[in-house]
Structures are given as C-alpha cells and as structure tokens.
Protein chains: 2
Amino acid sequence: MEYELSSRKRAILKAVIDAYIESGEPVGSKALTQGQQFEISSATIRNEMADLEALGYLEQPHTSAGRIPTELGYRFYVDCLMQDYALSSGELAQLNAMLKAKTAELDKMLQNAGKIMANLTNYTAIAVKQQGGAGTVTRFSVTFIDEHDFLLVMVLDDRSAVTRFVRTETAIDENVTEALERTLNAFIAGKDLSLITLPYLMQVEKSLGSYGALISPIMKFIYEAVGSASEKDVHFDGVDKLLEYPEFTDSSKLKEVLGMIDRKSELVGLLSGGEEDVTICIGRENGVEALAGSSLVFKKIVVDGKVVGAVGVIGPCRMDYSKVVSAIRYLSGGIESAMTPVSDKRLAPPDAGKTGGNTTGGKDDP
Amino acid sequence: MEYELSSRKRAILKAVIDAYIESGEPVGSKALTQGQQFEISSATIRNEMADLEALGYLEQPHTSAGRIPTELGYRFYVDCLMQDYALSSGELAQLNAMLKAKTAELDKMLQNAGKIMANLTNYTAIAVKQQGGAGTVTRFSVTFIDEHDFLLVMVLDDRSAVTRFVRTETAIDENVTEALERTLNAFIAGKDLSLITLPYLMQVEKSLGSYGALISPIMKFIYEAVGSASEKDVHFDGVDKLLEYPEFTDSSKLKEVLGMIDRKSELVGLLSGGEEDVTICIGRENGVEALAGSSLVFKKIVVDGKVVGAVGVIGPCRMDYSKVVSAIRYLSGGIESAMTPVSDKRLAPPDAGKTGGNTTGGKDDP
DNA sequence: ATTAGCACTGTGCAAAGCCGAGTGCTAATT
DNA sequence: AATTAGCACTCGGCTTTGCACAGTGCTAAT
C-alpha cells in the first residue's frame with residue numbers, strides 16, 4: 001500500500017501534514033510552493049494532491065479550501081514520514097530537572113512527569129500508575145490500631161503498597177493482629193495476583209475457620225484491592241490546554257473529551273492495551289467514540305519486566321506527534337531507569353557512593 | 001442594610017433570582033407577572049426592579065434586556081431569601097446508597113461522594129482529603145521486604161496512612177526492621193504532626209546514634225509526608241458538566257476554571273479557609289481572579305473534632321444554591337458519621353444491631 | 001401608590017452581497 | 001508523457017442592511 005506512493009507524493013503529503021499541524025488551516029497548493037522546498041508549480045502539486053485525496057490520505061473540508069490530512073494520512077505520517085524531533089537544550093533541561101528529583105517513588109515521579117509533559121508539549125498529559133494488576137503479593141502487614149480497628153497493608157512486588165483500615169465487630173488485641181499477619185502471609189503472600197480470585201479467597205476463608213467474622217471483610221478488601229486500578233491512580237495535567245486548539249472550540253467535542261477524562265477507568269483500559277514502545281492512537285483508532293477527533297499518545301513504563309504505569313498525552317488529531325513522541329520516550333526512559341532497584345544496578349559499578357540510602361541514577365542523554 | 005428592603009422588594013428579588021437560576025435568561029418585569037404569584041402590574045415591578053438595581057442587587061446586561069442578579073444579589077439571596085431544598089426521595093436514595101457502601105475508608109468515600117454530587121447537582125464536584133495536616137501520628141509500622149528494602153507505614157489518627165518504600169545501602173534483616181519500628185513508635189508516635197519539624201527530627205536522629213545511615217532518609221520521608229497534602233488527594237468529578245452552562249461557552253472563562261482545576265494546591269488552599277457549616281463563595285468573594293464568574297460551595301468534613309477533608313461543587317454563579325447546600329449538608333453529615341469510630345458511637349445506643357457500624361441519621365427538612 | 005400607554009433602545013437573526021482562496025479542467029509548452 | 005499557465009467556478013466567511021422583539025423609563029391618568 002505505502003509503496004504505491006512516489007517519493008514526490010510522499011514529500012508533498014509530509015509537507016501538507018507538517019504545515020497543517022503547525023497552522024491548523026487547510027493547506028493549499030500555492031502555500032506549498034511558497035515554502036522554498038518545491039521546484040514544481042502549484043498546478044502540479046494540485047494534481048498530486050488530487051491523487052492523494054483519491055488514495056484517502058487527504059481530504060477537503062469543502063470545495064474551495066485546501067487539504068487536510070485524514071486519519072489514514074496521519075497514520076502514514078507517523079509510520080513512515082515523520083522525522084525524529086530533537087529536543088532543544090531548554091526542553092532537555094526541563095526534563096532532566098524532573099528526573100533528577102530522585103524521589104524513587106513512582107507516584108511522585110508520575111505526578112511530576114505529567115506536569116512537565118503538559119508544559120512541554122502543550123497538550124493534556126495523562127499519568128497512570130499501576131494499570132497492570134499483574135504481579136505478586138510480596139507480603140502482608142497487619143498493624144494494630146485500637147480494639148476495633150487495624151490497618152492492613154498489602155505489599156506488591158512492583159514496589160507499591162495498598163492500605164486498608166478495617167473495623168472489626170469483635171474486640172481485638174495485638175495478638176490477634178500478629179496472628180492474622182502470619183496467617184495472611186502463609187496463605188496468600190507470594191501468590192500471583194491473578195490467582196487471587198474470589199473463589200480462592202473464599203476457600204482460604206473456609207479452611208481457616210477461626211477468626212471467623214474477622215476474615216470475611218478482609219477477604220473482600222483484598223479482592224477489591226487486587227481488582228482494577230483504583231481511580232486515584234490516574235492523574236491529569238494541563239486539561240485547560242485543550243482549549244487552545246480550535247478543534248475543541250466546538251463544545252460538544254470538548255465535552256466528549258472531558259467526559260472521557262472523568263471516566264478514568266475507561267482511560268486506564270485504553271492505556272493498558274498498547275505496545276512496548278510508544279503507542280499512537282489516531283482518532284477512531286482507539287475505538288472509543290468519545291475520542292474520535294482526538295489522538296492519544298502514550299507509553300507504558302516498564303520496570304523489571306513489569307508494567308508499573310504509563311505516561312502520555314491527549315490532544316487533537318492535529319498533534320505534533322514528532323515532538324510528543326520524543327518527549328514521552330525520553331521521560332519514560334528516565335523514569336524507568338530511576339525506578340530500577342539499586343540492587344540491579346549494583347551489578348555494574350560496585351559503588352556509586354556518597355548520597356547514601358535511596359539514590360537513583362537519573363540518566364543524562366547527551 | 002438588608003432591612004431597607006420592603007417585603008415586596010424581597011419577594012421580587014427572590015422571584016427574579018429563582019427565575020434566573022432556572023432559565024439563565026435575564027428576567028423581565030412581564031415574566032414575573034405571568035407567574036401567578038404577583039398581584040401587581042408589570043409597571044410596578046419595573047419600578048421596584050429599578051430600585052433594586054440602584055441598591056446594587058440587580059443589573060442589566062444592556063438597556064433593553066431583563067435583569068440579572070449581581071454578586072451582592074446572590075449574597076443576599078443565599079443569606080436571607082433562599083429556602084431549604086427538600087431532597088426528593090429519588091435523590092435521597094442515591095445519597096443513601098453511597099453512604100451505605102460502608103467502606104469506612106475516607107478515600108473511597110470521598111471518591112464516591114464526588115461522583116454522586118456531580119450527578120445530583122449537575123455541577124463539577126470537588127473532594128479533598130486531609131487538607132489540614134493537623135493531627136497526630138498514631139503509630140508506625142516497618143515491614144521488611146528484602147535485604148535492601150523495607151516499607152515504612154505511618155498511621156495517622158484521622159484514619160489515613162502514608163506509605164513509603166525505603167531503600168537501604170547497608171543490608172538489613174527482620175531484626176533491624178523490628179527494632180526500627182519500636183524506635184519510631186517510642187520517639188515519634190503520639191506526637192502532634194505540627195511538632196514533627198525538621199529540627200525535632202534531626203534531634204531525634206542524633207539522640208539515636210545507632211542505625212546511623214538508616215535513620216536519615218527515614219526522617220526526610222517523615223518530614224515530607226507530614227508536609228502539605230499532596231496533589232493526589234484532590235479529586236474532581238463531572239468536569240464536563242461545566243460545559244452545560246452557557247456562562248462557560250466563552251472559552252476564556254472555561255479556561256480559567258479548568259486552569260484552577262489543574263492547580264489543585266491552590267484550590268486546597270481555598271477550601272481550607274471556610275467555616276464549620278457550608279461555605280458559599282460567590283464570584284469574586286473567593287478572592288481568586290480565575291474564579292470570578294464562578295461560585296464555590298463546600299463544607300469541611302470533621303471527624304472527632306478534626307478536619308479530614310472537604311466536599312463541594314464548583315459552577316457558575318448562577319447556581320442552584322438551595323439544592324447544592326442540601327446535598328452537601330446531607331452527604332458530609334453522612335460521611336462524618338460513617339467515619340466516626342465505632343468506639344465513640346457505642347456510648348449512645350448500646351447496640352444498633354443489624355447494619356453494623358456506620359449508619360447515618362440524615363435530616364429531612366420539610 | 002399604582003397603572004396604562006408610548007417612545008426608545010439595543011440585541012439577535014436572516015437575507016443579501018462581496019471578497020478571496022483554492023480548486024479542476026483545458027490547452028499550451030517542454 | 002509530464003508539466004504548467006490560465007481561466008471559470010465554487011463555496012465559506014465577512015460585512016452590511018433591515019427588521020422584529022423584548023424590555024425599559026417616563027409621563028400622565030386613575
């Protein structure tokens with residue numbers, strides 16, 4: 001399919017899309033000749049553009065307007081035409097500043113990443129933590145609070161923890177919480193999350209017998225915690241940036257996107273389907289009607305072979321994909337390397353020394 | 001000031017504001033006579049409205065239009081004119097359904113509360129957790145993970161917990177974490193958060209001596225955790241509802257509000273200044289330029305004498321204050337009683353039986 | 001004090017007209 | 001065979017004009 005296109009057609013298509021991404025106005029044949037890049041006349045370009053339209057890469061909003069890219073056009077652009085965007089030194093400085101703030105806490109990192117992304121790209125940034133639900137439970141901790149309350153902490157092997165306050169009907173003491181902790185660790189710790197289903201939990205509950213009334217709500221909590229990522233793990237930044245693009249002055253479009261932003265769980269679902277590298281969903285490609293008209297560019301963050309989150313942006317289809325992709329790649333790479341446990345790194349340089357404790361690489365690309 | 005107004009003027013003012021809140025259109029003298037409530041002619045109403053305008057309660061968008069309320073007008077309305085809104089049984093059912101889901105977890109409750117509020121009122125809901133930073137540390141829990149990592153959990157007396165992964169340079173074992181837990185509980189647990197300052201922590205650190213390298217990062221973490229509420233504790237729901245109001249079709253207004261929604265910390269600041277009961281900020285009253293044009297209605301959530309969060313809505317000045325106030329009052333009351341520890345309640349009725357734990361009275365205004 | 005009547009005013013809307021950008025096609029050129 | 005100049009045509013966007021309408025303030029009558 002792509003090979004049908006002569007190199008001249010490709011050049012023209014690229015020029016049209018580049019211009020449209022920048023201006024937002026339909027691009028006419030004359031505009032292209034004025035840029036000094038083409039030696040041919042506007043009439044020739046018109047013919048080529050007519051061909052590109054017939055092939056489905058371009059379209060006209062109305063008869064007497066220039067051309068704008070179709071979704072297929074954008075797709076071809078991001079796959080074959082687009083050239084890498086070289087982040088400017090100022091942009092790199094921003095990104096590195098964020099990565100240097102070695103918080104080693106994924107939550108904080110993602111929060112900052114969102115802010116930087118929004119500022120840098122001028123689109124709405126999305127940062128999601130722990131979409132996977134894959135992984136195993138490292139261990140439980142049960143902390144006595146008072147005779148009717150204790151705190152249940154579930155530690156996962158992706159360096160995250162889920163906490164729950166549990167209120168009991170019957171009075172408890174520290175012995176109970178300790179016993180409970182031992183029990184949970186014995187029966188559930190080490191298990192893969194996908195194995196912790198409701199039936200399994202009920203089975204465990206039965207086989208225990210003692211602590212009767214105590215165990216039941218805990219099981220429910222565990223089940224809930226294991227379930228899909230809770231909404232609070234989705235962050236947005238720069239929602240107001242959307243308004244800067246004429247494609248969202250139509251308030252119905254905007255409403256759809258804002259609605260999507262509200263339905264965080266749905267978004268999490270979208271983000272969890274995606275490749276290893278940067279994923280680009282253009283318009284209807286993402287399969288959600290509310291996001292026709294919008295594009296979603298994101299990348300999963302993988303630490304130690306496990307998906308621990310994702311960062312991305314959402315904006316109009318007319319998006320500066322090149323810049324966005326560069327930024328996302330750089331940022332996610334930085335986060336990944338910052339999150340990689342010290343013990344893994346230690347294999348390379350025996351000791352990095354000085355700052356003591358919770359340090360982190362934070363890489364500087366040249 | 002208020003007493004200058006004859007009861008007829010008050011009635012007319014109320015009628016104008018009620019009508020305007022409902023329709024969003026400037027209200028003319030004739031429209032008021034058509035509602036069957038007034039026995040007087042439109043000319044008389046015109047005269048009265050002219051007076052009300054002179055007094056600053058009403059204004060005209062332009063010469064040949066009806067009147068709309070000024071901020072002063074709204075203020076007078078909410079203070080003296082507005083009558084209690086009786087929640088319909090359907091609405092009560094929604095609210096109760098949320099309150100019944102006895103999650104006893106403030107986080108989840110607030111999350112749900114936001115959803116319900118947004119749906120019920122049709123404005124954008126805000127839910128904030130733990131704005132105060134006041135409170136005391138109940139206890140610490142230190143959980144061993146592997147020889148270079150442990151999990152630090154700080155339990156606060158407002159039923160919240162903060163977790164941190166800590167990575168150590170020197171290898172540790174379960175004995176170390178246990179000792180650490182004892183130490184932290186001995187020195188810091190029970191303290192009021194406001195007492196846990198950096199100097200104090202450094203002093204503790206010194207007086208310990210042992211665990212040297214281990215303690216230092218922990219102190220830093222504790223200090224961070226104690227600090228101002230992190231952004232992730234602010235939730236929004238129904239952001240798209242804003243678009244349904246003509247006052248936000250002007251995208252610059254909308255941009256300002258969305259920007260505000262982005263700057264969560266600023267909002268938290270606003271919400272922390274407020275009275276015991278429902279606080280109503282109309283337009284410029286809130287002192288933030290970005291929210292001129294918008295109103296903020298919220299109420300702090302107080303458990304055990306401590307502020308643990310707040311719920312509210314943000315929308316145009318032309319807001320159905322009556323309904324919003326009722327909903328907020330009911331919901332916050334419900335949350336407060338759901339969050340009150342069992343032990344406190346037991347003082348009153350020895351046993352309420354069945355639903356166990358967290359039920360709510362909920363008042364019905366006639 | 002109230003009200004009927006009237007002149008006045010500014011908005012919103014629709015119709016009309018013009019401008020200009022951009023196209024497709026044809027015919028001439030290389 | 002590919003390119004280009006030229007031209008007629010189309011259609012959206014902008015401004016202008018005009019009109020209808022809603023609502024007012026004022027005056028004079030009750």
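Per chain, numbering begins at 1; letters A, B, ... match sequence-line order. Model, not experiment: these values are computed from the prediction.
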- Message: Using heavy-atom distances to pick each residue's nearest nucleotide on DNA chain C, tell me which of A:G66 and B:S41 is more 5'.
- Response: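 Counting from the 5' end, the first nearest nucleotide belongs to B:S41.
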- Query: For DNA chain C, whose closest nucleotide is more 5', that of B:H62 or that of B:E39?
  - Reply: B:E39
- Message: Under 4.0 Å from OP1 or OP2 of C:dA21: is there any side-chain N or O of A:R46 that close?
- Response: no
- Short side-chain N/O contact from B:T44 to OP1 or OP2 of C:dT3, under 4.0 Å: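 For C:dT3, OP1 or OP2 has a side-chain N or O of B:T44 closer than 4.0 Å.
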- Answer with base, sugar-phosphate or nothing: what part of the nucleic acid does B:T63 contact at a heavy-atom distance below 4.0 Å? sugar-phosphate
- At under 4.0 Å between heavy atoms, what does A:S42 touch on the DNA or RNA strands: base, sugar-phosphate, or nothing?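 A:S42: no heavy atom of the nucleic acid under 4.0 Å.
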[X] [atom1] - [N] [atom2] separation (whole Å):
{"X": "A:D51", "N": "C:dT23", "atom1": "CG", "atom2": "C1'", "answer": "14 Å"}
{"X": "B:I68", "N": "D:dG23", "atom1": "CD1", "atom2": "C1'", "answer": "14 Å"}
{"X": "A:R67", "N": "D:dC11", "atom1": "CZ", "atom2": "P", "answer": "15 Å"}
{"X": "B:K9", "N": "C:dT2", "atom1": "NZ", "atom2": "C1'", "answer": "14 Å"}
{"X": "A:M49", "N": "C:dG24", "atom1": "CE", "atom2": "P", "answer": "8 Å"}
{"X": "B:K30", "N": "C:dT3", "atom1": "NZ", "atom2": "C1'", "answer": "14 Å"}
{"X": "A:I40", "N": "D:dT4", "atom1": "CD1", "atom2": "P", "answer": "7 Å"}
{"X": "B:I45", "N": "D:dT24", "atom1": "CD1", "atom2": "C1'", "answer": "14 Å"}

- Beyond-backbone contact of B:Y20 with B:E25, side-chain heavy atoms, under 4.5 angstrom: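 In short, these two side chains do not touch, never coming nearer than 4.5 Å.
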As a test of reading the structure: which of [options] is closest to the side chain of [X], going by heavy atoms?
{"X": "B:S64", "options": "D:dG25, D:dG23, C:dG22", "value": "D:dG23"}
{"X": "A:N47", "options": "D:dT4, C:dG5, D:dT3", "value": "D:dT4"}
{"X": "B:Q60", "options": "C:dG20, C:dG10, D:dG25", "value": "D:dG25"}
{"X": "B:A43", "options": "D:dT4, C:dT3, D:dC11", "value": "C:dT3"}

- Query: Paired with D:dA29 by Watson-Crick or G-U wobble geometry, both distances under 3.5 Å: which nucleotide is it?
  - Reply: C:dT2
- Taking everything shown except B:E22 itself, do over 12 heavy atoms lie less than 6.0 Å from its CD? no
- Item | Evaluation steps, side chain to side chain contact (heavy atoms under 4.5 Å, CB included), between A:R10 and A:F76 | CA-CA 9 Å; A:R10 296 162 74 114; A:F76 186 63; 4.2 Å; yes
- Item | A:S295 side chain to A:Y74 side chain, donor-acceptor N/O pair below 3.5 angstrom |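 The criterion, which ignores hydrogens and geometry beyond distance, is not satisfied for A:Y74 and A:S295.
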- Task: Compute whether any side-chain donor of one residue and acceptor of the other, for B:Y85 and B:D320, lie under 3.5 angstrom apart.
- Result: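 There is no such pair between these side chains.
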